[in-house]
Structure formats: structure tokens, C-alpha cells
Trainee: 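Supplied in C-alpha cells, the structure appears directly below.
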Amino acid sequence: MDMDKLVSLCKRRGFLFQSSEIYGGLNGFWDYGPLGVELKRNIKEAWWRDMVTGHDDLAAPPGAGEPYEMVGLDCTIIMHPQVWKVSGHYDLFCDYMVDCKESKKRYRFDQIRGRWMEFTARNLHLLHGAEERINEIKAKQWFYIATNAETPEAGLEDTIARACKIFGLRRAKAENLLDWETPNLVGLDKDDDLTQVVGPDASREGTLTTPREFNLMFKTVIGALGGEEDVAFLRPETAQGIFVNFKNVCDSTRVRVPFGIAQMGKSFRNEITPRNFTFRSREFEQMEIEFFCHPKSSPQWYQYWRDRRVKWYTDLGLAGERLRLREHDKEELSHYSCGTSDIEYAFPFLPPGEFGELEGIAHRGDFDLRSHMEGKLVAKDGQLIVELSEDGKPKWKGSGKDLSYRDDLTNERFIPHVIEPSAGADRGTLAFLCEAYHEDQAPDEKGEMQTRVVMQFHPRIAPIKVAVFPLVKKDGMPEIAQRIYRALKPHMTAFYDEKGAVGRRYRRQDEAGTPYCLTIDGQTLTDGTVTVRDRDSLKQERIHEKELIAALRERIQA
Ligand code: ATP
């Protein structure tokens with residue numbers, strides 16, 4: 001699928017707009033239009049209902065060893081600054097960035113991709129009257145040429161042309177370049193010599209600065225007089241709000257371990273290079289669960305949540321090969337994690353074979369609750385210990401509150417382990433948009449085959465569930481259509497349209513992803529049935545007006 005087509009559809013039909021577009025936009029910020037807001041709300045509501053309100057606390061779901069409870073939480077975006085010091089975000093939530101002195105652009109170090117190119121010039125010497133020739137290497141140089149191209153093939157021509165310039169070669173002599181057939185683009189290593197690197201937008205080598213740490217948290221100041229001690233942060237994740245409320249939830253409800261606390265809401269990260277549409281934004285929404293369980297059963301619960309979360313995406317239509325679950329290697333794991341998997345999607349803007357993270361499911365052990373009790377933890381000799389500053393005191397002090405849990409049946413006291421399924425609502429929405437986009441051939445009003453753009457959303461997440469059309473604007477058809485529209489409205493999002501040819505109205509709804517269109521025609525006037533057209537199969541059937549609500553509700557699982 002061509003990403004440009006999707007991006008233009010999103011703007012044209014009101015799924016997504018650039019934030020503050022009339023002022024030239026703001027990089028890394030996106031607004032959801034009238035259709036987009038419904039789509040995203042439906043995805044968030046599906047998550048909340050499937051994970052929290054619709055969850056059966058009394059029975060063990062398939063794959064779970066025992067029943068568990070789920071509750072929700074909604075906490076503030078700005079929290080006590082100590083939360084972020086203890087969690088490690090203040091010290092560690094950094095990316096490395098480099099600046100280009102020539103182009104004035106900034107890049108995330110780990111996202112620079114390119115090729116190492118070698119140029120070898122040889123001198124030919126004739127010895128003993130042309131009997132023997134020896135090759136003497138006159139010059140040998142290596143340069144890393146970074147590229148902005150998305151695919152290795154697309155970057156090759158550009159790389160060769162730039163390499164010729166750097167080495168002072170004519171294009172016809174490009175065969176003197178070695179390694180120009182390297183199929184894959186490679187990233188830079190922290191030990192690479194940046195004086196040999198040509199930045200993605202630079203014309204010569206050595207314009208990139210050495211990588212510097214950049215904290216991704218947005219800072220703000222609390223109160224009118226705010227000085228340095230009043231600095232606070234916009235949360236970079238919703239998870240910490242759950243940990244610091246763990247005791248409140250235990251004390252105010254009768255939840256027993258194992259149980260989960262869910263929260264969805266805005267998070268903010270000052271990403272160095274926001275890109276790929278909404279995939280990497282600076283303001284985005286997360287849907288997170290912290291699931292608290294006994295340390296002994298935590299490996300099983302980790303397995304359970306991985307499968308449960310993959311199933312959630314599959315049930316909502318991300319069913320194909322573009323979705324995968326990837327277990328992290330040992331080297332990729334955070335120092336406290338006993339296991340992490342990502343649910344990934346092959347977004348069309350990524351090079352073939354690459355996947356982007358939709359959700360991470362992490363086994364976090366007791367790291368978070370212990371940190372908020374004792375202070376910021378670091379790993380030493382395979383153990384987590386409180387990090388000390390030079391004076392021997394904790395670098396960042398915890399709350400000192402007891403966040404352990406006592407099982408009232410066994411009397412055992414322990415710090416629960418945590419499994420964290422952490423999803424992004426915007427990345428999810430983007431994946432559902434990509435997956436939904438289809439082009440097929442369908443007849444227009446004159447019966448001629450035309451290319452049709454159709455957004456095949458699962459009916460549960462479709463922004464509009466049903467559109468109601470009078471075939472013509474006379475013979476009492478609009479009145480009946482409006483009556484049906486009003487009857488449907490309390491049950492589902494419905495849209496009324498009487499303008500233009502009916503074929504064109506169908507097309508507009510196909511682009512919006514509306515699964516059903518109802519047409520009130522001549523036959524409706526005689527027998528009370530309406531035509532129900534299915535977006536994907538294009539099949540039409542007649543259903544009596546009185547049975548419409550039940551029939552549609554069953555189809556859309558509303
Ligand atoms: P990445 O490696 O892509 O930056 P991450 O591993 O830092 O992501 P987490 O901290 O695990 O992400 O956040 C959980 C989820 O939040 C991600 O799976 C993603 O869906 C979402 N998310 C994180 N950062 C962003 C962002 N900048 N824009 C949109 N969604 C994001």
C-alpha cells in the first residue's frame with residue numbers, strides 16, 4: 001500500500017490533520033478530525049471494555065491459571081517530580097542526538113543509516129620493460145555516506161553520486177568504489193569515527209557533532225513564582241501513575257492479587273526526530289495495564305498477557321502477516337526485566353521486512369514498587385540495589401511507604417511482580433488505518449468498473465456504523481429515511497445523506513469505512529423493507545424497517 005495515498009485520504013476525509021496547520025504545522029503533533037476522533041475513540045473504548053469493564057472477574061479466561069480482577073484509574077499528567085527521579089526517567093530517559101553543522105539538522109544517532117564506501121586508486125608501474133606490472137595503492141579512503149532514503153535500493157543511486165563527489169571521481173569511474181552493492185543500509189556504531197561520516201543532508205564529511213544525551217521529558221514550571229525547584233515534567237508514560245496509586249487502590253477496593261489496574265491517557269516525549277505520520281509523535285496517548293501478581297506465578301501471567309494482547313489486535317482485524325509478536329533478546333532487556341515482547345506491525349512506511357512497535361509487554365518483576373518504596377534502583381552483581389550518591393545516601397529517595405501486599409488467606413507478605421502490557425492508542429489507530437486501506441474495482445452508477453477506495457475497518461471500530469440514504473429526494477422517501485436515521489441514532493453512529501447520485505454517496509461512505517449503507521427506495525413505500533448494502537462484499541439484502549436495529553447491532557457487535 002502506498003503511504004502517500006493513505007496520508008492524503010486521512011486529510012481529505014478528516015481522519016488526521018497536522019496540528020496548527022494554518023500556521024504551518026508543528027512537527028510531531030497531530031489532530032484527529034471528525035472521522036479520526038470516532039475511530040480512535042472506538043479503539044480506546046474497545047480496549048477499555050475488553051480489558052476492564054467487560055472483563056469477567058469471576059471466571060478464569062482462556063489461558064489464565066485463575067480468575068483475576070481489573071480496575072481502572074485516571075491520574076494527572078503532572079505528578080510529583082520525585083516520581084520521575086525514582087523511576088529512572090530523570091537520569092536515564094535519554095536518546096543520543098547529533099547535530100549537523102552544515103545542514104543545521106538534528107538526528108537521533110541510532111536512526112542514522114547509510115553505507116560505508118571504499119575508494120581505492122592504484123598506480124600502475126611497469127617494471128623491466130613491461131614484463132611485470134605491479135599495482136601500488138595510491139590512495140585508499142573510507143567514508144560512511146548516510147542517506148534519508150527509506151529503502152536500501154532507493155538510497156543506492158544517491159549514495160553513489162555523493163560518494164563520487166566526496167572522492168573526487170567522475171560518475172563513469174564509480175566502479176572504483178567498493179561496497180556500493182552492499183544490499184543493506186547499516187547504522188553507526190558509537191565507536192565509529194564521525195570525521196569520516198557524511199551526514200544525511202551534508203555535502204561533505206565531518207559535519208556531525210559527537211552524540212549528546214538528550215532527555216525526552218518535557219519540562220514545565222508549577223506556580224507563578226516558579227524557580228528551578230518548581231520544575232515539573234509532563235508524564236512520558238502513564239504507568240508511573242498506576243504504581244504510585246497502588247496502595248490507594250488496594251486500600252480503597254477489595255481487590256486481591258492477582259489483579260490489574262488500567263489507565264489510558266496522554267503522554268509526552270520530546271522526540272528528537274518525530275516522523276512517519278503519527279507513529280512517532282511528541283504528544284500521544286497510551287493504554288497501559290499494570291498487572292500485579294505473585295512472583296511465583298509471574299512467568300505464566302507474562303505468557304498469558306502476551307497471547308491475550310495479540311488476540312485483541314487480531315480480533316479487531318489486524319489478522320494478517322503484518323502483525324507479529326517478537327520476544328526481545330537478552331541484550332535488549334532492561335536491567336530489571338525478566339522478559340519483554342513487542343507486538344509489531346509492518347507499517348507501509350518501513351522498509352520491506354521491518355516492523356514497528358505497537359505495544360510492549362514487559363515482565364518488570366518488583367522493580368517499580370520497590371523503587372517507589374526504597375528509591376532509585378540500579379543493577380549490581382545481578383541484584384537490584386538502591387543507587388547511592390557520593391555521600392553514601394540514596395541518590396533519589398523513594399516514598400518510604402510500604403507497598404508490599406499481604407495475602408489475607410495465606411498471611412504471606414510479598415512485593416507483587418508486575419506484568420505491563422503498554423500500548424499506544426495512536427500507533428494502534430495508525431495500524432488499523434493502514435490495514436483498512438484497500439483499493440478494488442466496483443461498478444459506478446453507469447455500471448462501469450472503477451477503482452474504489454474502501455476502508456475495511458472492523459465494524460466495531462468503524463467511525464460511522466451506518467449511513468441512511470433516500471434513493472431520491474421525493475415520494476416521501478426522505479421522510480422515511482430521516483425517521484429510520486433518528487431511530488438508529490441512539491444505538492449507533494449514523495449518518496444521513498440525500499445529496500447527489502446514490503452511487504457517489506456509497507463511494508463517500510466506502511472511503512469513510514462505513515460498513516452498512518441503507519437505501520430507502522420505491523419498494524420501501526410498498527413493503528417497508530430497505531436495502532442494506534455491505535461495504536466489503538457489496539451484497540445487498542432487504543431488511544424490514546422494524547428489524548433494522550437488531551440486525552445491525554448483531555452485525556457490528558455494538
Ligand atoms: P519506541 O522504541 O518506538 O520509541 P518505546 O519502546 O520507547 O517505543 P514504550 O516506552 O514501551 O515505547 O511505550 C509504550 C507504547 O507507547 C509504544 O509501544 C507505542 O505504542 C507508544 N509510544 C511510545 N512512544 C511513542 C511516540 N513517540 N509516539 C506515539 N506512540 C508512542
Side-chain angles (χ1 to χ4, degrees), residues 16 18-19 26-32 36 40 43-44 47 51 77 84 87-89 92-97 107-111 187 214-218 233-243 262-291 305-306 309-310 312-313 318 323-329 331-334 336-337 339-347 349-350 354-364 367-368 418-434:
L16 277 159
Q18 226 190 338
S19 163
L26 190 60
N27 199 7
F29 297 88
W30 295 92
D31 295 338
Y32 287 82
K40 187 172 159 189
I43 291 167
K44 290 193 297 178
W47 183 85
M51 297 300 118
I77 285 170
W84 307 111
S87 69
H89 286 84
L92 303 171
F93 194 52
C94 300
D95 275 334
Y96 282 91
M97 58 170 194
Y107 310 95
R108 230 173 87 174
F109 184 66
D110 65 337
Q111 284 176 352
F214 173 76
N215 194 299
L216 300 182
M217 281 199 294
F218 276 96
F233 303 94
L234 306 190
R235 68 180 176 203
E237 61 170 40
T238 54
Q240 296 303 320
I242 300 180
F243 297 127
Q263 163 159 243
M264 58 167 88
K266 290 267 177 162
S267 291
F268 301 81
R269 296 183 187 179
N270 202 356
E271 299 279 359
I272 296 168
T273 42
R275 59 175 175 183
N276 291 334
F277 214 9
T278 57
F279 181 82
R280 189 170 299 289
S281 313
R282 290 180 164 139
E283 173 175 342
F284 55 95
E285 257 179 292
Q286 288 185 307
M287 310 188 290
E288 295 195 294
I289 295 171
E290 303 303 331
F291 187 78
W305 278 107
R306 287 171 16 141
R309 291 301 306 148
V310 171
W312 187 78
Y313 289 100
L318 289 194
L323 189 79
R324 75 170 188 195
L325 181 76
R326 185 180 68 86
E327 182 86 39
H328 284 207
D329 302 333
E331 305 80 66
E332 262 185 285
L333 293 180
S334 329
Y336 48 76
S337 183
T340 298
S341 306
D342 286 343
I343 300 176
E344 300 180 327
Y345 184 73
F347 286 97
F349 47 77
L350 296 172
E354 281 193 22
F355 288 72
E357 175 183 331
L358 277 184
E359 168 163 351
I361 297 115
H363 182 307
R364 298 179 60 91
F367 176 79
D368 305 279
V418 166
I419 313 299
E420 177 188 80
S422 167
D426 305 85
R427 280 196 195 168
T429 305
L430 185 58
F432 284 116
L433 276 166
C434 295

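Both counts, for ligands and for their atoms, begin at 1 and track the order of listing. It should be emphasised that the depicted structure is a prediction, and the values quoted were computed from it without experimental measurement. What you see below is based on every heavy atom in this structure, not just the backbone, and it leaves out hydrogens, waters and symmetry mates.
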Trainee: Can you tell me the protein heavy atom closest to atom 28 (N) of ligand 1 and the distance?
Mentor: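 It is Ser281 N, 3.0 Å.
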Trainee: Flag yes if more than 12 heavy atoms outside Tyr96 fall under 6.0 Å of its OH atom; otherwise flag no.
Mentor: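 No, not enclosed.
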Trainee: Report yes or no: does a heavy atom of Gln286 sit under 4.0 Å from some atom of ligand 1?
Mentor: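 So Gln286 counts as touching ligand 1.
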Trainee: Looking at ligand 1, does any of its N/O atoms fall within less than 3.5 Å of an N/O of Ala423?
Mentor: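 There is no such contact.
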Trainee: Between Ser87 and Gln240, is any side-chain donor less than 3.5 angstrom from a side-chain acceptor?
Mentor: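 Side-chain D/A pair, Ser87 to Gln240: absent.
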Trainee: Could you check whether Lys40 pairs with Glu285 (Lys NZ or Arg NE/NH1/NH2 to Asp/Glu carboxylate O, under 4.0 Å)?
Mentor: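 Glu285 and Lys40: salt-bridged.
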Trainee: In terms of atom number and element, which parts of ligand 1 are under 4.0 angstrom from non-hydrogen atoms of Gly424?
Mentor: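 Every atom of ligand 1 under 4.0 Å from some heavy atom of Gly424: 20 (O), 21 (C).
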Trainee: Where on Asp342 is there a heavy atom closer than 4.0 Å to ligand 1, on the side chain, on the backbone, on both, or on neither?
Mentor: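 None of Asp342 does.
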Trainee: In terms of residue, atom name and distance, what is the protein heavy atom nearest to atom 29 (C) of ligand 1?
Mentor: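 Checked against all protein heavy atoms, atom 29 (C) of ligand 1 sits closest to Phe279 O, 3.2 Å.
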Trainee: What protein heavy atom lies closest to atom 14 (C) of ligand 1? Include the residue and the distance to one decimal.
Mentor: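 In this structure, atom 14 (C) of ligand 1 has Ser422 OG, 3.0 Å as its nearest protein heavy atom.
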Trainee: If I compare all heavy atoms of Thr340 with all of Ala362, which pair ends up nearest, and what's the gap?
Mentor: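 Of all heavy-atom pairs spanning Thr340 and Ala362, the closest is OG1-CB, 3.7 Å.
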Trainee: Which residue holds the protein heavy atom closest to atom 19 (C) of ligand 1, what is that atom called, and what is the gap in Å?
Mentor: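 Answer for atom 19 (C) of ligand 1: Arg427 NH1, 3.6 Å.
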Trainee: So is there a nitrogen or oxygen of Arg108 less than 3.5 Å from a nitrogen or oxygen in ligand 1?
Mentor: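 It does not: no N or O of Arg108 is found under 3.5 Å from an N or O of ligand 1.
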Trainee: Under 4.0 Å from any heavy atom of Leu358, which atoms of ligand 1 are there?
Mentor: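 Numbered from 1, ligand 1 contributes 18 (O), 20 (O).
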Trainee: If the test is side-chain hydrogen bond (donor to acceptor under 3.5 Å, both in side chains), which one of Lys266, Gln263, Glu290, Glu288 qualifies with Thr238?
Mentor: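 Single pass found, and it is Glu288.
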Trainee: Answer yes or no: does an N/O atom from Arg269 fall short of 3.5 Å to an N/O atom of ligand 1?
Mentor: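 Yes, since at least one N or O of Arg269 sits under 3.5 Å from an N or O of ligand 1.
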Trainee: Identify the closest protein heavy atom to atom 22 (N) of ligand 1: which residue and atom is it, and at what distance?
Mentor: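 Protein heavy atom at minimum distance: Phe284 CE1, 3.5 Å.
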Trainee: Under the salt bridge (Lys or Arg N to Asp or Glu O under 4.0 Å) rule, what do Glu357 and Arg427 come out as? Steps first, then yes or no, please.
Mentor: CA-CA 8 Å; Glu357 175 183 331; Arg427 280 196 195 168; 5.1 Å; no
Trainee: Regarding Arg309 and the six-membered ring of Trp305, is the cationic atom NZ or CZ under 6.0 Å from the ring centre and inside 45° of its axis?
Mentor: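 Here Arg309 fails the 6.0 Å and 45° test against Trp305.
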Trainee: With the threshold set at 4.0 Å, does a side-chain nitrogen-carboxylate oxygen contact exist between Glu283 and Arg269?
Mentor: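 Looking at Glu283 and Arg269, the cut-off is not met.
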Trainee: Using a 3.5 Å cut-off on N or O atoms only, is Arg280 in polar contact with ligand 1?
Mentor: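 It does: an N or O of Arg280 is found under 3.5 Å from an N or O of ligand 1.
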Trainee: Please assess Phe277 against Phe279 for the test ring-ring contact (aromatic ring centres under 6.0 Å, His included), listing each intermediate value before the final yes or no.
Mentor: CA-CA 6 Å; Phe277 214 9; Phe279 181 82; over 10 Å; no
Trainee: Only heavy atoms of Glu357, strictly under 4.0 Å: list the atoms of ligand 1 that pass.
Mentor: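 By the 4.0 Å cutoff, the relevant atoms are 6 (O), 8 (O), 11 (O), 12 (O), 17 (C), 18 (O).
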